[in-house]
Amino acid sequence: MRTNPNIIITGTPGVGKTTHAETLAEKTGLRHISVNQIVKDKECHEGWDDEYMSWIVDEDKLLDALEEENVKAGGCIIDWHGCEMFPESWVDLVVVLRVDSSTLYDRLSSRKYPEAKLQENLDSEIMEVLLQEARDSYDEQIVVELTSNTTDEMESNVDRIESWIKQWKQDHVADGEGEGDGDGGQ
Ligand code: ADP
Ligand code: MG
């Protein structure tokens, strides 16, 4: 039984996952889990792919590392450009961030992405690849699509997710204080 929800923030590279996750962690006290950082620090990979500019992730190792971090206990904001690998039972909300192509182009160009990689990510955003992955992997009720083109949008997204967290806590823990013991539930 979780006393705080787990939230995945996903989307194409450059949509604003890390910025959202850091801001939310600061405002709510929940833990920002940068999956990229864990992959790197705990070596959950088979090396670096130069062409794709990303780690070749070993998902078994990564899941073990997330178990070690006790992610399933709740209170985590999981920041990763994918969501299908996480066990459904760990996840309370999946936020898929979206941006306009021109905005994404500017953000990825300033990251000095190689042209092929940049184009691939733009295609992925246009084809809604990550949104589809979220919808295929989780109950539609817990998948939310939010736009992240401007800082105003980001602020309103953060407010919205904060309210959602409050509501989740009211629904799941509000009057359960001290009642959970011996429940034995998963
Ligand atoms: P991701 O983690 O999805 O790759 P980042 O959070 O690193 O994306 O954001 C990429 C860049 O875009 C950063 O420079 C960040 O400041 C900027 N950015 C992200 N979201 C927004 C937004 N909603 N409005 C304006 N700039 C944003
Ligand atoms: Mg990031």
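Checking side-chain atoms of Glu145 against main-chain N and O of Leu131 turns up no donor-acceptor pair under 3.5 Å. In this structure, Asp58 contributes its side chain and Lys61 its backbone to a donor-acceptor pair below 3.5 Å. A donor-acceptor pair is defined here as one N or O able to donate and one able to accept, closer than 3.5 Å; no such pair exists between the side chain of Asp49 and the backbone of Ile56. A donor-acceptor pair is defined here as one N or O able to donate and one able to accept, closer than 3.5 Å; no such pair exists between the side chain of Ser124 and the backbone of Val129. Checking side-chain atoms of Asp139 against main-chain N and O of Gln141 turns up a donor-acceptor pair under 3.5 Å. Judged by distance alone, the side chain of Ser148 and the main-chain N or O of Leu97 form no donor-acceptor pair under 3.5 Å. A donor-acceptor pair under 3.5 Å is absent between the side-chain atoms of Asn6 and the main chain of Asp92, judged by distance alone. Checked by atom type and distance alone, the side chain of Lys17 pairs as donor or acceptor with a backbone atom of Thr12 at under 3.5 Å.
Across every non-hydrogen atom of Pro5 and Leu30, the tightest pair is O-CD2, 4.0 Å. Pairing each heavy atom of Arg2 with each of Gly74, the nearest pair is CD-CA, 3.3 Å. Phe86 and Tyr138 make their closest contact through O-OH, 3.1 Å (heavy atoms, listed as atom of the first residue, atom of the second, distance). Closest of all the heavy-atom pairs between Gly14 and Arg111 is N-NH1, 3.6 Å. Between Arg107 and Ser110, the closest heavy-atom pair is O-OG, 2.9 Å. Here the closest non-hydrogen pair linking Thr10 and Gly82 is OG1-N, 3.1 Å.
Shown here is Lys117, whose NZ atom has more than 12 heavy atoms of other residues, nucleotides or ligands within 6.0 Å. Heavy atoms from other residues, nucleotides or ligands lying under 6.0 Å from CD of Glu26 number 12 at most.
Atom-to-atom distance recorded for Tyr113:OH and Glu120:CD is 10.0 Å, nearest 0.5 angstrom. If you take CH2 on Trp164 and CG on Asp159, they are separated by 15.5 Å, rounding to the nearest 0.5 Å. Once rounded to the nearest 0.5 Å, the distance linking CD1 of Ile38 with CD of Glu68 reads 10.0 Å. Interatomic distance, CG of Leu66 versus CH2 of Trp90, reported as 5.0 Å (0.5 Å rounding). Summarising the geometry, atom CZ belonging to Arg160 is positioned 5.0 Å from atom CG belonging to Leu146; distances are rounded to the nearest 0.5 Å. Taken from CD in Glu59 to CG in Asp64, the straight-line distance is 12.0 Å, to the nearest 0.5 Å.
Within the 4.5 Å cutoff, the side chain of Ile8 has no heavy atoms near those of the Trp80 side chain. Between Ile78 and His32, every side-chain heavy-atom pair lies at or beyond the 4.5 Å cut-off. Two residues are said to be in side-chain contact when any heavy atoms from C-beta on lie closer than 4.5 Å; Val96 and Val143 meet this criterion. By the 4.5 Å heavy-atom criterion applied to side chains, Val35 and Cys44 are not counted as neighbours. Considering only heavy atoms from C-beta on, Lys27 stays 4.5 Å or farther from Ile161 through its side chain. Glu155 has its side chain out of reach of Asn157: every pair of non-hydrogen atoms, C-beta onward, lies at least 4.5 Å apart.
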message = Let's go through Leu93 and Val95 carefully: what are the C-alpha distance in whole Å and the side-chain angles of both, what is the deciding distance for side chain to side chain contact (heavy atoms under 4.5 Å, CB included) to 0.1 Å, and is it a yes or a no?
response = CA-CA 6 Å; Leu93 181 70; Val95 175; 3.9 Å; yes
query = For Glu140 and Arg135, what are the C-alpha separation, side-chain angles and deciding distance, and is it a salt bridge (Lys or Arg N to Asp or Glu O under 4.0 Å)?
reply = CA-CA 6 Å; Glu140 65 179 70; Arg135 288 183 172 155; over 6 Å; no
request  = Evaluate the criterion salt bridge (Lys or Arg N to Asp or Glu O under 4.0 Å) for residue pair Lys42 and Glu69; output intermediate values, then yes/no.
outcome  = CA-CA 11 Å; Lys42 302 218 167 167; Glu69 292 284 330; 3.4 Å; yes
inquiry  = One pair to check against side chain to side chain contact (heavy atoms under 4.5 Å, CB included): Thr28 and Glu162. What are the steps and the verdict?
reply    = CA-CA 7 Å; Thr28 61; Glu162 257 192 295; 3.7 Å; yes
ask   = After noting the C-alpha distance and the side-chain angles of Ile7 and Cys76, does the key distance pass the side chain to side chain contact (heavy atoms under 4.5 Å, CB included) rule?
value = CA-CA 6 Å; Ile7 302 172; Cys76 295; over 6 Å; no
ask   = For Leu122 and Leu118, what are the C-alpha separation, side-chain angles and deciding distance, and is it a side chain to side chain contact (heavy atoms under 4.5 Å, CB included)?
value = CA-CA 6 Å; Leu122 282 176; Leu118 199 156; 3.5 Å; yes
task = Let me see the working for Asp79 and Thr18 under side chain to side chain donor-acceptor pair (under 3.5 Å), right down to the final yes or no.
result = CA-CA 6 Å; Asp79 163 8; Thr18 302; 2.8 Å; yes
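Contacts of Trp55 classified as ring pair (Phe, Tyr, Trp, His ring centres under 6.0 Å), with partners at least two apart in sequence or in another chain: His45, Trp48.
When only modelled atom types and interatomic distance are considered, Thr147 and Glu153 share a side-chain donor-acceptor pair under 3.5 Å. In this structure, a donor-acceptor pair under 3.5 Å is absent between the side chains of Glu125 and Asn121. Side-chain contact of Ser137 with Glu84: a donor-acceptor pair under 3.5 Å is absent, judged by distance alone. Counted by atom type alone, Gln167 and Asp171 present one or more donor-acceptor pairs between their side chains at under 3.5 Å.
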